[in-house]
There are 2 protein chains.
Amino acid sequence: MSNKSKAVAPKGYRAEEYPPFAVTADIVMLTMRQGRLSVLLVARGEEPYKGEWALPGGFVRPEESCTEAAARELAEETGLDSFGGHLEQLQTFDDPVRDPRMRVVSVAYLAMLPDLPLPQAGSDAAGARWFAVDELAQENIGLAFDHAKILEAGLERVANKLEYTSLATCFVPEPFTITELRHVYEAVWGISLDPGNFRRKVLATPGFVQPTGDSAADRQGRPASLYTAGGETMLHPPILRS
Amino acid sequence: MSNKSKAVAPKGYRAEEYPPFAVTADIVMLTMRQGRLSVLLVARGEEPYKGEWALPGGFVRPEESCTEAAARELAEETGLDSFGGHLEQLQTFDDPVRDPRMRVVSVAYLAMLPDLPLPQAGSDAAGARWFAVDELAQENIGLAFDHAKILEAGLERVANKLEYTSLATCFVPEPFTITELRHVYEAVWGISLDPGNFRRKVLATPGFVQPTGDSAADRQGRPASLYTAGGETMLHPPILRS
DNA sequence: CCAAAAGTGTTTGATTTACACCCATGG
DNA sequence: CCATGGGTGTAAATCAAACACTTTTGG
């Protein structure tokens with residue numbers, strides 16, 4: 001912040017003469033589709049990286065915060081009036097050469113939402129598609145810019161936050177069963193969890209989920225009780241990745 | 001990132017015509033002084049907020065990353081050739097009106113280092129001073145810009161990271177005793193920990209600390225064994241804040 | 001009645017917590 | 001020899017992991 005002119009600064013350096021930086025908000029938007037953790041990507045229509053897949057995002061406008069820019073982009077990409085899911089700042093990527101055109105600092109965001117009807121025509125992103133994240137690795141799909149690094153940071157953040165927050169509820173459409181909630185952990189962590197112990201852990205945490213009183217009768221087997229998210233995303237004792 | 005020109009964008013909007021953003025790196029630099037968690041602040045020499053205390057920091061230069069900018073500022077403020085402590089990105093603060101002069105996006109960093117001979121003359125920051133963080137709150141010392149929010153985010157990050165990483169070793173000059181290390185946790189968390197149990201926890205974690213074989217004979221009572229940091233900052237089972 | 005999934009009980013072992021106790025030094 | 005802090009031992013309580021078992025539905 002402090003813009004004091006420094007004795008040690010290079011010849012004639014003054015803040016006002018600095019070449020401009022561009023700032024973008026790029027979004028790692030995750031959901032669960034068919035039991036797999038999936039990320040929304042858009043096909044780039046222009047150079048550089050024309051035709052390659054990239055994270056949705058765009059330039060931050062002068063009068064809006066980066067978070068507002070991310071929410072705006074998200075609404076455009078999903079075709080919804082406003083983005084209702086969870087949105088948090090992830091990390092800022094600022095390698096001076098991450099964009100070949102100019103100096104662009106990217107404030108990356110992490111968004112989570114339950115599986116939706118896909119981004120449709122009329123939205124900004126005709127070329128938008130969900131990719132299962134394991135599919136990306138297997139099929140060696142490269143991402144534009146440093147977006148592979150951004151995605152990796154997002155996946156790591158999600159995996160860690162599941163452990164000690166109730167964030168997993170963002171991925172499941174309400175009302176949900178405890179088993180559906182458990183599938184989120186299993187997909188993100190790539191392991192299986194003991195159904196009984198998981199159930200007890202979640203129900204023993206006040207505020208994690210709220211029973212609706214209803215049951216899901218569509219499946220085979222004993223009908224499962226339905227729950228909604230407890231409210232605010234909260235911290236709690238860890239669900240262990242065993 | 002994607003700079004596709006959008007149908008929905010405002011009239012005539014093109015990325016190239018965007019008013020420039022300035023980008024700064026601001027640093028929450030923490031140390032332990034006289035058993036208290038302390039933060040380095042500098043007195044602002046110019047408007048706005050002239051005379052008020054602010055976090056050290058400055059504008060990012062076109063050819064350097066924000067991390068490099070932070071490390072450079074840090075070296076200048078501490079008067080050292082290079083900053084040797086721990087430095088990590090904290091969070092980006094981007095409220096459009098956080099700086100009254102222009103649109104400034106601040107990429108905040110968190111730095112930790114053992115108590116040093118104070119920043120001296122010859123350094124950039126003649127007006128730099130350490131403040132115990134509890135003193136700041138008690139004496140109602142306001143910070144310039146949104147630096148109070150940045151500091152708060154830094155303190156929260158440190159408190160959380162102590163729990164599951166070996167970061168505390170950054171705060172103590174080597175070689176250190178287990179008790180000195182425990183004092184870091186006690187100061188940051190504002191609680192007291194059982195000395196015996198703490199000792200066992202740390203020593204049971206491979207790679208947390210390394211015994212030097214020496215003992216500290218300067219204190220009263222039985223001499224304490226001395227240790228150095230185990231190497232890289234690492235994850236480990238939690239030290240519980242009980 | 002059987003298969004399948006939900007949900008509960010229970011045993012075993014590990015971890016945490018609290019606190020008593022011994023050790024090594026300076027004064 | 002005593003005060004002081006370093007360091008170890010240990011029993012009780014709590015928690016996690018594994019897995020057997022009961023419940024409730026559809027076919």
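Note that these values count all heavy atoms, side chains included, but never hydrogens, waters or copies made by symmetry.
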Does R200(B) count as lying over the ring of F198(B), i.e. NZ or CZ under 6.0 Å from the six-ring centre, within 45 degrees of the axis?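 The answer is no; the distance or angle limit is not met.
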Separation of [X] atom [atom1] from [N] atom [atom2], in whole Å?
X       : N       : atom1 : atom2 : value
K201(A) : dA18(D) : NZ    : C1'   : 15 Å
D214(B) : dA24(C) : CG    : P     : 17 Å
F198(A) : dA16(D) : CZ    : P     : 14 Å
I191(A) : dA18(D) : CD1   : P     : 11 Å
I239(B) : dT15(C) : CD1   : C1'   : 13 Å
L193(B) : dG6(D)  : CG    : P     : 14 Å
L181(B) : dG5(D)  : CG    : P     : 19 Å

Parallel, tilted or perpendicular: ring planes of Y185(B) versus W189(B), cut at 30 and 60 degrees: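 Ring orientation of Y185(B) relative to W189(B): perpendicular.
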E135(A) side-chain N/O to A132(A) backbone N/O, donor-acceptor pair under 3.5 Å: yes
Does Q89(B) use its side chain to pair, donor to acceptor, with the backbone of T92(A) at less than 3.5 Å?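 Yes: the side chain of Q89(B) pairs with the backbone of T92(A).
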Report yes if some heavy atom in the side chain of R36(B) is under 4.5 Å from a heavy atom in the side chain of R33(B); otherwise report no. no
State, with a plain yes or no, whether a side-chain heavy atom of I150(B) is found less than 4.5 Å away from one of R98(B).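 They are in side-chain contact.
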B/S/- contact track for nucleotides 4-12 of chain C, protein heavy atom under 4.0 Å: BBBSBBB--
If you find the nucleotide of DNA chain C closest to P237(B) and the one closest to A217(B), which residue's nucleotide is nearer the 5' end?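 Counting from the 5' end, the first nearest nucleotide belongs to P237(B).
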